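Remarks on the structure that follows.
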There are 2 protein chains.
Amino acid sequence: MTGAPIETDALVIGAGPVGLWQVFQLGLQDIRCHVIDALPGGGGQPAELYPGKPIYDIPGLPVCSGQELMDRLQQQVRPFAPSLHLGQTVTGLVRREDARFDVQTSAGTGFIARSVFIAAGVGAFQARPLKLEGIEAFEGSQVFHRPQDPEAFAGLQVVVHGGEEHAVDWALRLADAARPPASITLLHRRDVFQAGAPDLARLQALTDQGRIRRSIGQPLGLKVQDSRLTGIEIVTPDDQTRVQPLDALLVCLGLSPRLGPIADWGLAMERKQLVVDTVGFETSVPGIHAVGDINTYPGKKKLILCGFHEATLAAFAAAARLFPEQRTLLQYTTTSPKLHRLLGVGG
Amino acid sequence: MTGAPIETDALVIGAGPVGLWQVFQLGLQDIRCHVIDALPGGGGQPAELYPGKPIYDIPGLPVCSGQELMDRLQQQVRPFAPSLHLGQTVTGLVRREDARFDVQTSAGTGFIARSVFIAAGVGAFQARPLKLEGIEAFEGSQVFHRPQDPEAFAGLQVVVHGGEEHAVDWALRLADAARPPASITLLHRRDVFQAGAPDLARLQALTDQGRIRRSIGQPLGLKVQDSRLTGIEIVTPDDQTRVQPLDALLVCLGLSPRLGPIADWGLAMERKQLVVDTVGFETSVPGIHAVGDINTYPGKKKLILCGFHEATLAAFAAAARLFPEQRTLLQYTTTSPKLHRLLGVGG
């Protein structure tokens, strides 16, 4: 804990499409919320797993990419400006005696929430780790699973490990840095890289100029001298073993989702999914809702548009529970002056 | 019955947003369908009740008009080209011994359907009738509650009755006709008309030119001579009674929804809504689903986006029932070659 916990009516876990829609529907109920997401920019599966690929089954959008969908939802949710807590995961959730919830994040943020909406999809996206003996000791000093600033590597011998978009992107960003590294080596198990055509063309050009080198092989172990990482041992496709010297190792093997500690929160589960009702998509603990890919109920289909429906009914149920004195009448955004005021549109 | 009944796997009643989405989701299941709608152009409540008004709560569309939403859905459903049966209502639905359904429409079309999807919203939109004694005798000859062709009134004295968009639109269309009427009179109870600003401006200009006259008053009765309608008796705001001569009367009082005979089909209902489960949104009769505003279940909210979810799960349930031998695996439009083929997109 780095400060006093934040008290809130609603806490949304996950800033993917369904989490954002949860924020929107809570906003229409005049409930403001805080949002936690593992990724620095949120975005969930559409932004992380298929940003450029077309989706055809969002009603009213005959075709849109994952990134476009997220951009549209970001714009839509703007009137309700949620407080975002990004780049952190929920580490603990405990029900209090006053029926509220104590929630802690990996960044040390604490919340006391009256209602919780778990829109965590397939789990929190984590950098896929490079598993080599003793590598943990160098994380943050010479090994970076989630590098932030290309300028931080000026003058160093940098190895970028990975063969897909994220790795190629980092090699290019290092080459473009105002103060670039002394050397940039892209290390991958084979000499085939997956990225957009323009990025691959630039990679080839920079390779031809000698500004990016490629090293083909599988990492075997780390080379350490005087407690300092000096190289990475690799085995090449023709079974030679050699050491690639380095000052810094950027591990860009992509992200993979991890369900994390949700299983420890005492919520009823079935096959790693949270069991919910279909009235307000509430879990076995009153006040905790689960929406989107993480929940299950009879007939459940893991589709984004189903998550939109679930988040909508969850917001109505939460409003009725949080503010029982107010009758929650259904109003329409097309005609309701109250909803127009909340949306900040003329009426 | 005008011909042999049409045999089909799926029949959708209603071409509003949820009916169209039902077609789309059936299409993704590789099930082609026929669609019936009361209006000549379909479109449901968004196109009929609020074509120009903004909707804010369709996910991914921060703002769009009712008409724009329908245009977008029309485009989205195009790969599955449903057979449309417009301008007719369902008059009868009877379960057959072979568990299929005999369905009849007001236009005499007959169907034998293996599954039925009632997406009828608040009911079939019908022209609001002008109630005057004996008026029925002239329907289709001199009185038109749903006029089609402005050229049909060439050289006649025409009275258009109504004060809103539809009435103003018809007065303007008559004035624009290649062979216009001898006279056009817009009859309304008061001298205030509701329509878009450009239409109102044109109405004023044509009134100033004497090409459209306005008659202010309430209809009281019909004037008939030798079995022919010759005028309409009206009472003016200053309580004078006079006769407005005419050859043709266009009744443009707007449309109102009518639930119609659905209540007679033996389906379980609650407060005029069809009771459904939340697994496949099936009514009390297996094979008949109800989606959108016409259904009810615990937690139900009459929102378009909820109807999208309901139609989606209904399509999955119908596919499992119609084709039990095929396991219905969830596939994603982003990645599935089968869905790409059905959608007609490259992959």
Side-chain angles (χ1 to χ4, degrees), chain A residues 17-18 20-21 24-25 28 46 49-50 53-66 68-79 277-281 297-313 316-317 330 332-335 339-340 343 345 347, chain B residues 17-18 20-21 24-25 28 46 49-50 53-66 68-79 277-281 297-313 316-317 330 332-335 339-340 343 345 347:
Chain A
V18 177
L20 287 188
W21 193 248
F24 182 84
Q25 287 290 335
L28 288 183
L49 300 184
Y50 47 93
K53 294 207 181 117
I55 314 174
Y56 297 96
D57 64 345
I58 304 295
L61 294 174
V63 57
C64 81
S65 70
E68 184 190 342
L69 176 64
M70 292 314 302
D71 291 345
R72 288 172 163 274
L73 290 168
Q74 295 278 9
Q75 186 194 335
Q76 200 158 14
V77 87
R78 210 164 287 159
D277 65 57
T278 55
V279 174
F281 297 89
Y297 53 85
K300 169 72 182 184
K301 298 295 172 194
K302 290 190 182 187
L303 292 169
I304 296 174
L305 79 93
C306 295
F308 291 148
H309 164 83
E310 296 159 16
T312 303
L313 294 203
F316 275 94
L330 182 63
Y332 291 100
T333 59
T334 298
T335 49
L339 296 187
H340 287 172
L343 286 161
V345 295
Chain B
V18 177
L20 286 189
W21 193 247
F24 182 83
Q25 286 290 334
L28 288 183
L49 300 183
Y50 47 94
K53 293 207 182 120
I55 315 174
Y56 297 96
D57 64 346
I58 304 296
L61 295 173
V63 58
C64 81
S65 71
E68 184 191 343
L69 176 64
M70 292 314 301
D71 291 345
R72 287 172 164 274
L73 289 168
Q74 295 277 10
Q75 187 194 334
Q76 199 158 15
V77 88
R78 211 164 288 158
D277 66 57
T278 55
V279 174
F281 297 90
Y297 54 84
K300 169 72 183 183
K301 300 294 172 193
K302 291 190 181 184
L303 292 169
I304 296 173
L305 79 93
C306 294
F308 290 149
H309 164 83
E310 295 159 17
T312 303
L313 294 202
F316 276 93
L330 181 63
Y332 291 101
T333 60
T334 298
T335 50
L339 296 186
H340 287 172
L343 286 161
V345 295

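It should be emphasised that the depicted structure is a prediction, and the values quoted were computed from it without experimental measurement.
Ranked by heavy-atom pairs under 4.5 Å with chain A, the first of B:P62, B:G299, B:P54 is B:P62. Put simply, of B:L20, B:I55, B:L339, the one with the most heavy-atom pairs under 4.5 Å next to chain A is B:I55. Interface summary for chain A: among B:Q75, B:R78, B:K300, B:K302, the most heavy-atom pairs under 4.5 angstrom belong to B:K302.
Judged as a side chain to side chain donor-acceptor pair (under 3.5 Å), and not counting sequence neighbours, the contacts of A:Y297 are A:E310. Under the side chain to side chain donor-acceptor pair (under 3.5 Å) criterion, B:D277 pairs with no residue at all, not counting sequence neighbours.
Only the side chain of A:L313 comes within contact range of chain B, judged by heavy atoms closer than 4.5 Å. When heavy atoms are compared at a cutoff of 4.5 Å, A:F308 approaches chain B by way of both its backbone and its side chain. Both the backbone and the side chain of A:L61 come within contact range of chain B, judged by heavy atoms closer than 4.5 Å. The contact between A:Q25 and chain B is made entirely by side chain atoms (from C-beta outward), counting heavy-atom distances below 4.5 Å. Both the backbone and the side chain of A:P298 come within less than 4.5 Å of a heavy atom in chain B.
Taking all atoms of both residues into account, the shortest heavy-atom contact from B:P59 to A:I58 is O-CG2, 4.1 Å. The minimum heavy-atom distance between A:Y56 and B:F24, with the atom names listed, is O-CZ, 3.3 Å. The shortest non-hydrogen separation linking A:T312 to B:C306 is CG2-SG, 4.5 Å.
Atom NE2 of residue A:H309 and atom OG1 of residue B:T278 lie 8.0 Å apart, to the nearest 0.5 angstrom. Atoms OG1 and OH, on A:T335 and B:Y50 in that order, are 9.0 Å from each other to the nearest 0.5 Å. Separation of atoms NZ (A:K53) and OG1 (B:T334) is listed at 8.0 Å; rounding is to 0.5 Å.
Counting only distance, with no hydrogens or angles, the side chain of A:Q76 and the backbone of B:D57 share no donor-acceptor pair below 3.5 Å.
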